[in-house]
Amino acid sequence: MGWHKPDNVAGSSAPAIMVGSFVATGGLLFGYDTGSINGILAMTTFKNDFTTGFRDAEGNPGMYPSQVSLIVAMLSAGTAVGALLAAPVGDKWGRRRSLIGAILIFCVGAIFQVCATNVATLVVGRTLAGVGVGMVSVLVPLYQSEMAPKWIRGTLVCAYQLSITLGLFGASLVNIFTYKMPTAAAYRIPMGLQLTWASVLALGLLVLPETPRYLIKQGLKDAAALSLSRLRRLDITHPALIEELAEIEANHDYEMAMGADSYHSVFFGEPHLGRRIVTGCGLQMLQQLTGVNFIMYYSTTFFNGANVNDPFSISLIMQVINVVSTLPGLFVVESLGRRRLLMSGAVGMAICQLFIASYATANGGNLMVQNQILIGFVAIYVFFFAASWGPVVWVVTSEIYPLKVRAKSMSISTSANWILNFGIAYGTPYLVGTTKGSPGSVDLGSRVFFVWGAFCLVAVAFVYFMVYETSKISLEQIDEMYERVDYAWNSRSFEPSWSFQQMRDFGFSDSGVPPAVPHLELQSSRTSSAGTSHTDTGVSSTTTSTSSQDDKIVASLGHVDLSY
């Protein structure tokens, strides 16, 4: 279902898959941090050590809603800043070295959290950790999309979300083992374990290659060839590698001819970069407005407030469902496509949430049945999110931007995610009432699912009208699609017709429509015939009597698809 390498693709995809899978584990940093604070806030030891005098309705020490909001939400505030920093840093220092720097910033924040003895120090540590997480959230999908073969690109980027879910599950598991400890070890052990994989990831990145697309952007063609050679396991003189590199270079030259790689171009550049940034920001914001981080940040305290027995175990079960449910998305993201997966997931989430909220509103007081409904439908909701909006949003926003502004556009769209994340994390204690007896709380309880369910319905319409289908085509061909396809709902029928090498060599118009030149015969990129060579991105070029020696070698391969 999208994991089978096409038989006629030259080279090996194994190195790129291994590199992409390893880098994807950067999601563990965010997932683990989120999952750990979810349980830590409900620990009796933590409340006893960090309380500043607040007592809940039962007279037990606790935290003011403002303190809970700051502790949780400042991670998201830091991530918004980190996401914006990722673009200039990633473009200046490269995707790989910037990732290493981001992980080091995260480690500093984690150390602050472990050493904290008051709320202020803890908030500083979470803010610093957030800056690192925000940079990672941009750079990991960016790195993956720029080095992955197109036939498995979506699956590899989905692996980033899978790592987030594994981090959430791991944190819940650690919390289960430590929350009953009578000393500060109950919360310091979960905090300290954040440093373990961060160190492994930073060391591993020291030996990984930089992405060939970034190196082409910097004008380092020889270095790009070596990087691509490592990722495709092909000699740098192999025709397939030469063609892929030439197409990346030609695409970048074409993009730069249409405008500078500035922030102005992100919003007003061609082809249709304004539409693309609106799509990316909208998807990232709606991912948060589905309410997922209400569950991920506050499920333990929310279930506790709803009088659910053993909220720690229920939260652990939700994280298991979150991990397992991400796998179907990895299998079908290429075959089913981005649009269908996003729309079906949003419909499923909306049904679950609106049912929970409706039953809670109409329930006559049978708390046991209400809690069974709550737990059961939250579990189904988590399944739909994890299989669709969790991973696929990261896939789409890593694909739709051209190389010249990819880092800048991804940083802006990802920061939109984190800004909404901050708002939800900060406002939930007031909106839902996660602390019994807390002042200033609206205390909507389960009725808050009316809000999340309504936004899921908005998400269905947004995907239908705004999201283009980007599966099975290369990053370079996505530019052609945005030039030639006017409406998102027509994008599934798009067929690439030319390569950017042709654009460069024959001077096609900015509209992307080839001129009527009788002697120039263009071949469809998804068909093959004798005498036609296929480029690295799946776009064919016709050989002529004036072809170079390399072109003749490629032409002699006949049926071999050199696309990635």
Give a yes or no answer on whether the side chain of Ser21 reaches the backbone of Met18 with a donor-acceptor pair at less than 3.5 Å. no
Side chain Ser229, main chain Leu234, donor-acceptor under 3.5 Å: yes
Distance-minimising heavy-atom pair for Ser163 and Leu28: O-CD2, 3.3 Å
Going through the checks in order, is the side-chain contact (heavy atoms from CB on, under 4.5 Å) test met by Tyr401 and Ile277? CA-CA 8 Å; Tyr401 306 118; Ile277 195 66; 3.9 Å; yes
Looking at side-chain heavy atoms only, is the closest gap between Asn417 and Thr397 below 4.5 Å? no
Please examine the side chains of Glu483 and His272, heavy atoms only from C-beta on, and report whether any two atoms are closer than 4.5 Å. no
Look only at the side chain of Tyr214 and the backbone of Asp91, and say whether a donor-acceptor pair between them is shorter than 3.5 Å. yes
Measure the shortest side-chain to side-chain distance between Ile412 and Phe267 over non-hydrogen atoms and say whether it is less than 4.5 angstrom. yes
Is the positively charged end of Arg276 above the ring of Tyr482, judged by distance under 6.0 angstrom from the centroid and angle within 45° of the axis? yes
Cationic tip of Arg339 above Tyr468 ring, under 6.0 Å, 45° of axis: no
Is the closest side-chain heavy-atom distance between Asn421 and Thr79 below 4.5 Å? no
Hey, which of Ile248, Leu403, Ile216 is the one that makes side-chain contact (heavy atoms from CB on, under 4.5 Å) with Glu146? Leu403
Quick check: does any side chain N or O of Arg338 sit under 3.5 Å from a backbone N or O of Val392, one acting as donor and the other as acceptor? no
Go through the steps to decide whether Ser137 and Trp394 satisfy the test side-chain contact (heavy atoms from CB on, under 4.5 Å), and finish with yes or no. CA-CA 9 Å; Ser137 68; Trp394 295 108; 4.1 Å; yes
Provide the closest heavy-atom pair for Val333 versus Leu341 in the form atom of the first, atom of the second, distance. CA-CD2, 4.1 Å
Would you call the rings of Phe30 and Trp418 parallel, tilted or perpendicular, where under 30° means parallel and over 60° means perpendicular? perpendicular
Passes side-chain contact (heavy atoms from CB on, under 4.5 Å), Phe169 versus Val324? Steps please. CA-CA 10 Å; Phe169 169 71; Val324 174; over 6 Å; no
Gly390 backbone acceptor or donor facing Gln287 side chain under 3.5 Å: yes
Whether Ser145 side chain and Ser398 backbone form a donor-acceptor pair below 3.5 Å: yes
Return yes if some donor-acceptor pair links the side-chain N/O of Gln284 with the main-chain N/O of Ser415 below 3.5 Å, else return no. no
Less than 4.0 angstrom from a charged side-chain N to a carboxylate O is my criterion; do Arg492 and Glu469 meet it? yes
Kindly give the heavy-atom pair with the smallest separation between Ala148 and Leu156, and that separation in Å. CB-CD1, 3.6 Å
Candidate list Arg213, Lys217, Lys221, test salt bridge (charged side-chain N to carboxylate O under 4.0 Å, His left out), partner Glu249, passing option: Lys221
Note, Arg230 side chain near Pro15 side chain (heavy atom, < 4.5 Å): no
A side-chain contact here means heavy atoms from C-beta on lying under 4.5 Å apart; do Ile164 and Asn322 qualify? no
Kindly indicate whether the side chain of Ser227, heavy atoms from C-beta on, has any atom under 4.5 Å from the side chain of Thr211. no
